[in-house]
Protein chains: 2
Amino acid sequence: MAATLADVAARAGVSSATVSRVLNGNYPVAEATRRRVTEALRELNYVVNGPARALAAATSEVLGVLVNDVSDPFFGVLASGIQREAAEADLLTMICHTAGSADDELRYMELLLRQRARAIVVTGGGPEDGGHRRRTADLVRQSVARGTRVVFCGREAPPDSEAASVVFDNHGGAAALTRLLLAAGHRRIAYLTGPPHHTTSSARVAGARQALTEAGIDPDSCLWIRSGFSRAAGLEAGRELVRAAVDCTAVVAGNDLTASGVIASLRACGVRVPEDVSVAGFDDLPVAVDVVPELTTVRLPLRSGAVTAGRIATGTERTAPGVVVRMPAELRSRESVAAPGGGLSGAVGLPRER
Amino acid sequence: MAATLADVAARAGVSSATVSRVLNGNYPVAEATRRRVTEALRELNYVVNGPARALAAATSEVLGVLVNDVSDPFFGVLASGIQREAAEADLLTMICHTAGSADDELRYMELLLRQRARAIVVTGGGPEDGGHRRRTADLVRQSVARGTRVVFCGREAPPDSEAASVVFDNHGGAAALTRLLLAAGHRRIAYLTGPPHHTTSSARVAGARQALTEAGIDPDSCLWIRSGFSRAAGLEAGRELVRAAVDCTAVVAGNDLTASGVIASLRACGVRVPEDVSVAGFDDLPVAVDVVPELTTVRLPLRSGAVTAGRIATGTERTAPGVVVRMPAELRSRESVAAPGGGLSGAVGLPRER
DNA sequence: TTGTACGCGTTATCAT
DNA sequence: ATGATAACGCGTACAA
């Protein structure tokens, strides 16, 4: 039913090789023939058969991007940055949503590998579990062996793998943020840690603990509360903090999304930010300046990290195998952090305000 | 370098046909041979060559989803619903971000077509431009001819196409919402229309205008302001409304995201919602109940619409060609709409509050 | 139950 | 400049 190269060739009275040449423009073709072929192409509504091309040329035009959550703006920024580079290199970006599941991550990597994708970019942090790491390393090895470039953007590639990585300074950023809070006078801080056993969460927690320790404060005198990275997680955590009338003057959320949730639920409970309690985020996504009050947070150069990852993936930028590109983090001090106020436990019970 | 069927066959001492049979399990294979083959498969780290398989079998395991914006939760809900069904049918979902560009939409459709994707689901509204419609119709025709099913989820398929559609009652929902506002006593309403020349925007505007007309109110006595569907668009529109001290008692945003932006910027300007001005949204995304005050909006059954679209796309649910499945809209009356207050122009200039 | 052999639609290498 | 033709790796009638 669908027209093939041969059909087009017959119609134009040439060989299929000539049609292929017209299509790819990599060999000289007489102007007259080219026109006849182009005509036939149009008349028959010819559409390249990708699989056949990929089989013959041993390469495809697909670049796969793995994201934890398609509807999280963190990944939106990453995905669109990568995509821009891919488009630049005439590659089709396909985004695969792993829902944070380690299994799905592996499944999608394998499926992209099957498709002989030109490259795979794995974004965001990942499970710290050794088994997963090992299986990932295996897949990376196979990918590279088959010519599929693999780039990690947001965590380090498994050790000894050929894959490049672009990583953000979660550790340093978290430490700087904590230092800012300490400098403002906060001592009783509640940390929402993000999902457990996750590279990003762990790095941020470690950074914060280090800053505390260096300031001579026992990290365990602070509160460490598990949460997700979603806005809903922040809402819930905020409500829980209020319910338990937790004794703290500052809340450090795992990221901006969570922070926005915390602020919303604190406000709903009549707790003022930053007068009663300071709140901080991480990432510096657009939401950080949408929120009232504007969020003190840590800026990660997500866009440029994504572009770098994209350039390595497309081959636009050539790097040594296993290279690790480190992107800096930068403090963004805004309104949501101020000097310690009455604290959460003091504010709770006040009349609800609007 | 990469092991092929033949390599595995040699290793296992069988023919490549047998290996293929073991792989696909569609023909009987002796238990002993199966084990030998499985072993060889493992030893050689065999990975199916997708393109080759797609070429031979004339079909692939890919389902493509086109979305306007990967980081918009509206599409997140749609994409994940479709993906669930795809996974159920052992298909790999690939999400393509068109950034709302009509050209990109066509490009991605074509690329998926090239890949001989099993199905393509085009989500969200689209350009109303006739040229785009025609070109889309062409692509749909070609897709269907090549065995790639096409489903639209959020707009109707081009006329006379074989493609199925799942549509949401934007028109009815918008009308119901406007009636609610009218019943509450509002007469001076500012509508943020969403992106121009876009099917979703138009349907919502048309519904609102109809409800106004039916109530004996001249639609042109209301304000119709172009905006986007993003939160940023809402922020900007809100600021603009305040700056111009627009004379209205209610703002109807194009969707929930925009509404949340409007609320944020109104609050930042000291305008109280709903005491001074009522605000309404559309879609009933999770953000609708996150916002303070909770948003009065129109619930669209996005999840179940996505599932339906997914089932049609995977072939799980068989439907007549060109079928249009209509999903209802349902009013969700919450806190953000109340009786008319002082209005925007009245509130502006009041001391900024926190 | 298993093997042989051909076709799927392209690209790329030789000739011409 | 153009045409034959051999891969590319897999699925599947058909034969055994």
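Proteins get letters first, then strands, A, B, ... in listed order; numbering begins at 1 in each. Everything numeric here is computed off the predicted structure, so don't read it as measured data.
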key: Atom pair distance, as rounded to whole Å: CD in B:Q115 and P in C:dC8   = 20 Å
task = Let me know, please, whether B:A56 or B:V29 comes out on the 5' side of the other along DNA chain C by nearest nucleotide.
result = B:V29
Modelled atom types, side-chain donor and acceptor of B:R141 and B:S161, under 3.5 Å = no
query = Can you check the A:R36 CZ to D:dA1 P distance for me, whole Å?
reply = 15 Å
note = Looking only at C:dT10, D:dA1, C:dT11, the nucleotide nearest the A:A57 side chain is C:dT11
query = Is there a donor-acceptor contact under 3.5 Å linking the side chains of A:N24 and A:R53?
reply = yes
message = Taking the minimum atom-to-atom distance to the side chain of A:R53, which one of D:dG9, C:dT11, C:dT2 wins?
response = C:dT11
query = So does A:E39 pair up with A:R36, basic N to acidic O under 4.0 Å?
reply = no
key: Integer-rounded Å distance: D:dA6 P and A:L55 CG   = 17 Å
Residue B:V14, side-chain heavy atoms: nucleotide from D:dC10, C:dG3, C:dG9 that is nearest = C:dG3
Sidechain N-carboxylate O distance under 4.0 Å for B:E105, B:R155 = yes
Atom-pair distance (OH on B:Y27; C1' on C:dG3), nearest Å = 14 Å
message = Is the phosphate of D:dG11 approached by B:N26 (side-chain N or O, under 4.0 Å from OP1 or OP2)?
response = no
task = Quick one: label B:S16 by what it contacts on the DNA or RNA (base, sugar-phosphate, nothing), any heavy atom closer than 4.0 Å.
result = nothing
inquiry  = Does A:R135 have more than 12 heavy atoms from other residues, nucleotides or ligands lying within 6.0 Å of its CZ?
reply    = no
task = Examine C:dG3: is either OP1 or OP2 under 4.0 Å from a nitrogen or oxygen in the side chain of B:T18? Give yes or no.
result = yes
message = Given D:dT2, C:dT11, D:dA4, identify the nucleotide with an atom nearest to the side chain of A:A17.
response = D:dA4
Integer-rounded Å distance: D:dC10 C1' and B:L23 CG = 10 Å
key: Residue whose nearest DNA chain D nucleotide is more 5′ - A:A30 or B:N49   = A:A30
query = B:R116 has an atom CZ; how far is it from atom P of C:dT10, in whole Å?
reply = 7 Å
task = From the options D:dA1, D:dT2, C:dT10, select the nucleotide whose nearest atom is closest to the side chain of A:T4.
result = C:dT10
ask   = Does A:Y46 place a side-chain N or O at less than 4.0 Å from the phosphate oxygens OP1/OP2 of C:dG9?
value = no
query = What does B:L5 touch in the nucleic acid at a heavy-atom separation under 4.0 angstrom: a base, only the sugar-phosphate, or nothing?
reply = sugar-phosphate
query = Is a salt bridge present between A:E61 and B:R114, judged by a nitrogen-to-oxygen distance below 4.0 Å?
reply = yes
message = Using whole Å, what does the distance between atom C1' of nucleotide D:dC8 and atom CZ of A:R146 come to?
response = 15 Å
ask   = Below 3.5 Å, does any donor atom in the side chain of B:R21 face an acceptor in the base of C:dG3, or the other way round?
value = yes
task = Using a cut-off of strictly less than 4.0 Å, decide whether A:S20 has a side-chain nitrogen or oxygen near OP1 or OP2 of C:dT11.
result = yes
